[in-house]
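Treat the numbers as computed from the prediction; the structure is a model and nothing was measured. When a ligand or atom number is given, it counts from 1 through the structure's own listing order. Numbers here simply count residues along the sequence, with the first being 1.
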Amino acid sequence: MYNFIRYVSLNEGTAPKSLEQTPLPYAKDDLDPSISEDTINYHYGKLYKGYVDRFNKGEGDADFNEAGAFLHDILFRQYQKSSNSNQPTAISENFINKHFTSFDKFKIEFEKTAIKIQGSGWVYLARDGSIKTIKNHEIRMDIILLVDCWEHAWALDYQADKKKYLANQWKIINWNLIGSRVGRLS
Ligand SMILES: [Fe+2]
C-alpha cells in the first residue's frame with residue numbers, strides 16, 4: 001500500500017527485519033513557506049531518520065520506532081511544491097464532497113480536531129470518511145491524509161501558532177496522491 005516493509009511483511013506473515021527511509025519526492029525547500037527547509041532537515045533528516053535507525057539497530061521500543069517510521073513515511077510522501085491555489089482533484093475531490101459536502105467544510109472539521117489534540121499526536125482522514133486521531137505513534141491501515149501534530153512538526157516555523165501551521169498544510173497536499181490512496185483503499 002505505502003511501499004512500507006511492514007505491510008509487505010504482514011502479508012508474508014513475518015516480522016520486518018529492517019526499515020528504509022522514504023526518499024523525498026520533492027526538493028527540501030519546495031514546501032516553503034508551509035514547511036521550511038530547516039524543519040525538513042530536522043523533521044525528515046533527524047527525527048524520522050532516527051526512528052528508522054533505532055529500529056534497525058534494535059535500540060529502544062521497536063513498536064514505537066516502527067510506528068514512527070510508518071507514519072512519517074505516509075506523511076512525507078503526500079506533499080508537493082507549495083501553491084496558494086492547491087485544491088483536491090478528481091477522486092480526492094469527490095471523496096471529500098461525498099463525506100463533508102465541500103472542501104471548506106472538511107478543512108474546518110479537520111482543523112478543529114487537530115487543534116484539540118493535547119500533547120503529541122496525529123490527525124488523519126480515514127478510509128470511511130471520518131476524521132481520526134492518533135496519540136503519539138500507532139500503525140493504522142486506514143489513513144488517506146495525515147497531518148503531524150507533534151510540536152516538532154511546526155514549532156520551529158510557527159512558534160506557538162499551530163492554527164497557522166494547519167491552515168498552511170492545504171498548500172502542499174498532493175491531492176492526486178490522496179486520490180490514489182482513496183482508489184486503492186476503497
Ligand atoms: Fe513528526
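With respect to His72, the ring pair (Phe, Tyr, Trp, His ring centres under 6.0 Å) criterion is satisfied by exactly one of Trp122, Trp150, Tyr79, Tyr44: Trp122.
The atom of His152 nearest to the Fe ion (ligand 1) is NE2, with the search restricted to N, O or S atoms. Closest to the Fe ion (ligand 1) among the N, O or S atoms of Asp148 is OD2. Between the Fe ion (ligand 1) and the N, O or S atoms of His43, the shortest distance is to NE2.
Ionic pairing of Lys107 and Glu109 is not present here: no N-O contact between side-chain nitrogen and carboxylate oxygen is shorter than 4.0 angstrom. Salt bridge absent: Arg127 and Asp142 never bring a charged side-chain N and a carboxylate O closer than 4.0 Å.
The closest side-chain donor-acceptor pair between Asp148 and His43 falls under 3.5 angstrom.
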